[in-house]
Protein chains: 2
Amino acid sequence: MQLPSLTWLMQLPGWGNTYLLASATESATEASSEAEYGTLLLTAVLLSLVVIYLASKLGGEFSNRVGLPPVLGELVGGVLVGVSALHLLAFPEAGVEPSSSLIIRFLESTGGLTPDLAGAVFRDQNDVISVLAEIGVVILLFEIGLESNLKELLDVGIQATLVAVVGVAVPFAAGTAGLMVFFGISAVPAIFAGAALTATSIGITSKVLSELGRLNSKEGQIILGAAVIDDVLGIIVLAVVASLAKTGEIDVTNVVYLILSASGFLIGAILLGKVFNKTFVSVVDLFKTRGGIVIPAIIFAYAMAYLAAVIHLEAILGAFAAGLVLDETDKRKELQRQVIPIADILVPIFFVTVGAKTDLGVLNPANPTNREGLLIASFLIAIAIVGKVVTGLAVFGQPGINRLAIGVGMIPRGEVGLVFAGVGSASGALSKPLEAAIIMMVILTTFLAPPLLRFVFPDSEPAVESAEAVPELDRAANRQP
Amino acid sequence: MQLPSLTWLMQLPGWGNTYLLASATESATEASSEAEYGTLLLTAVLLSLVVIYLASKLGGEFSNRVGLPPVLGELVGGVLVGVSALHLLAFPEAGVEPSSSLIIRFLESTGGLTPDLAGAVFRDQNDVISVLAEIGVVILLFEIGLESNLKELLDVGIQATLVAVVGVAVPFAAGTAGLMVFFGISAVPAIFAGAALTATSIGITSKVLSELGRLNSKEGQIILGAAVIDDVLGIIVLAVVASLAKTGEIDVTNVVYLILSASGFLIGAILLGKVFNKTFVSVVDLFKTRGGIVIPAIIFAYAMAYLAAVIHLEAILGAFAAGLVLDETDKRKELQRQVIPIADILVPIFFVTVGAKTDLGVLNPANPTNREGLLIASFLIAIAIVGKVVTGLAVFGQPGINRLAIGVGMIPRGEVGLVFAGVGSASGALSKPLEAAIIMMVILTTFLAPPLLRFVFPDSEPAVESAEAVPELDRAANRQP
């Protein structure tokens, strides 16, 4: 592709004076090569997004088809197109050539990308995709906030809270201590990995429970309530740990400050939110043009995300608080309905890039330097399962309740676990083997939860949508009176 | 804000071998400063988006409140926050310091942005916002394609086609010739400006007609049909003109090639689409997970946009063709419903940045060097009005039809006119005064159309939603039996 000939720009007889002539030709020449570059960058981003969406949709659908949560497939889809396998998506790092990205090479052969521009397009396209992925996780946590009902959270009460607290404390303490004692890992990475063991995935848990027709059982209610509280705790833990990672050492004053500011931010947002709610609804009622609900909500979410980031918490904590606040408004249903398609196109960018950036090569047992990483992964997985199964023992005053089922229901990690891996890796707190071990833990707990839950709920009636995928449950259901 | 202390990274006693130690510390140090930078970039983008959404919503609502189309207010909102006024959004260009962006200065004082990183954040944030704006216009044209019904387009038939063709040919010919003859502007910029005079805004026209309760009158039907065809013609003209601007000279073979490839691309997409429709619907029917309709549709739209860009047409042409194709499917309604919120959060980025990048200073009559630009603007506005009013004369065999109303109904330019201004400016075809003159023309035709339409439809019954904004029409309606 040749550069545009600019001869016509050099002769603008109509612009009779030197000032305009000079500024017009100068800025036009510049604008022209900028536009050329802009088109290249746009095509690179469009192509990356097509690859990301294909990986997320095919992975998600396949995963769903075999009875596993779609998010797992999106992650695996990302691994397949990323640096571990197909190299369609590659990311600029020390020693990584632009040509290691198949998309860049494809653009060089079809899209007129010249080798001297390849480096800039590679870097800028990665900036755009990375920011889109971060906006994706902001939107995801905003949506989780919208889905988390504060009142329900308080209604399921003490049982769910106990399960949640035990389910955060045990894996965190056992994980962190184990990594430090048995593996000699220093405090900050050990705390980060321990923290990544805490948060149960609401999405995955509720999906699996609904597939088993157990969403409204007593066990299901406790699991769901605990998963909600768990998620909030996990986010506070994440904010604390991520800030810890940033300052680089364990400073008790700092920890207290962070716990206070994280809790204060969330509680303050919720309290102020009760006032803000009415303002939001009355402002939105004034709006008559398109996007009258979703744009003010997004402004609020992004502003809260900005605020949280600026006071050294995480942007996602702000977005989650914004979601919790807006959850209380009359506009919630309409807002949720409109946020879904936005989340659908932004959230997969996060999961697929997390997968694509993960170099599973570090877990290859054929390489002797990897063996310690694999050992860590096995240890994390054991703690992840045992640490949640014991939560069932915390339930009291509920005779005949299936304690094992509650514990098993808390096993799947997911979105938030991956957020830990992503944030931890980005902040430099996690070494690559440790990050890969966390991702292995997330993948495996997510893989194991559905069959384990079927095992501990032997008399489950499958919901219609899972009947096809889980034929053995049909038979189980048929055995019932 | 201090850079994170990385001492803890230097001592990972657990990683007993040099290989892992070296790679972990090296990549962690790098990842940490990358994450620091990533957070800064994310906060800059979030803050810019908050400003963009505030400008678009407040501008759009105000515009709607005073009875004008919201898109006009989004553009004016962009002008207010952009380089012409508040300087909240500024864009990297020769001689523009990062500190000219108030957002960058705000981040320096609150967000821990250091002056040495300000330049990089300023540039990268602009890359992200520019790509988002371009994705916004891709989504806009995809949505316009989804809204444009090919069958209806064929049903309103010859009258609408005649009006559309006259309404493209007259302003284009008169505009281009006038600019070359009276103002001595060379061919390519003159053709670009002439082309920007062609496309009637479907959105604005249909909105105004519905506000006047005239959407289903004979005149209304012809105007709407013509506006649809007009939009397609305008997009072909845009593709031809933009490619012309890229190759830099008027090459008849190239023009014919471009007209053929543009038409071929659209017609081919539509014909292939008849087959693809069934495939799309059956693939979408297989999908059970979230985003099952919208993700495949977006994959198709982005892939078509990529394809169009690669064969030297415009990305938006591909997105429009994708919309026309998917318009024919049974899934259209559900797809349209889901695309609306996505468009709501992406499209305003385009309009606001178009406004924000427009330096209205070049149209300040106090500066003598600007006077020729203002003269051009006046000329373009005259041609824009007269060139569309004459289209009413092309209607035949419809006794008693309000020819003037049809002509006036075609006056408002809008989305596509602004797309011309944006693409033209980005491709270097338009000097800044010429671009500003086009934007003035779009703003003024949009401003003038609603009052003019009320004037030529004196007995209009206002629709309920406009009753408040247009009190005098209440009285007109009350005069009717």
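In what follows, chains are A, B, ... by sequence order, proteins preceding strands, each numbered from 1.
- Of all the heavy atoms in A:Thr43 and B:Ala309, the pair that sits closest is CG2-CB, 3.7 Å.
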| said: Is there a side-chain contact (heavy atoms from CB on, under 4.5 Å) between A:Leu286 and B:Arg65? Walk through the geometry before answering. | reply: CA-CA 10 Å; A:Leu286 288 176; B:Arg65 200 54 65 90; 4.3 Å; yes

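- Counting all heavy atoms, side chain and backbone alike, A:Ile295 lies closest to B:Asp344 at CD1-O, 3.2 Å.
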| request: Determine, step by step, whether B:Thr289 and A:Lys57 satisfy the side-chain contact (heavy atoms from CB on, under 4.5 Å) criterion, reporting the C-alpha distance in whole Å, the side-chain angles of both residues, the deciding distance to 0.1 Å, and the verdict. | output: CA-CA 8 Å; B:Thr289 61; A:Lys57 207 80 213 86; 2.6 Å; yes

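- Atom CG of residue A:Asp124 and atom CZ of residue B:Arg123 lie 6.0 Å apart, to the nearest 0.5 angstrom.
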| task | For A:Asp127 and B:Asp127, run side-chain contact (heavy atoms from CB on, under 4.5 Å): C-alpha distance rounded to whole Å, both residues' side-chain angles, the deciding distance at 0.1 Å, then the answer. | result | CA-CA 9 Å; A:Asp127 277 342; B:Asp127 276 342; 5.8 Å; no

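- For a residue to count as touching a neighbouring chain, one of its non-hydrogen atoms must lie under 4.5 Å from one of that chain's; by this rule B:Ile298 touches chain A with the side chain only.
- If you measure heavy-atom distances from B:Val128 to chain A, the contacts under 4.5 Å come from both the backbone and the side chain.
- Heavy atoms closer than 4.5 Å to chain A are found in the side chain of B:Leu132, but not in its backbone.
- Between the side chain of A:Glu61 and the backbone N or O of B:Lys288 there is at least one donor-acceptor pair closer than 3.5 Å.
- Here the CD1-CD1 distance, from B:Ile345 to A:Ile345, works out to 6.0 Å after rounding to the nearest 0.5 Å.
- Among A:Leu49, A:Val138, A:Ile293, A:Ile52, the residue with the largest count of heavy-atom pairs under 4.5 Å with chain B is A:Leu49.
- For chain A, the option among B:Leu179, B:Leu42, B:Val294 with the highest count of heavy-atom pairs below 4.5 Å is B:Leu42.
- Rounded to the nearest 0.5 Å, atoms OG (B:Ser56) and CD1 (A:Ile299) are 6.5 Å apart.
- The greatest number of non-hydrogen atom pairs below 4.5 Å with chain B, out of A:Phe182, A:Tyr302, A:Phe287, is found for A:Phe287.
- Heavy atoms only, all atoms of each residue included: A:Leu46 and B:Tyr306 are closest at CD1-N, 4.2 Å.
- The shortest heavy-atom contact between A:Ile340 and B:Arg290 is O-NH2, 3.4 Å.
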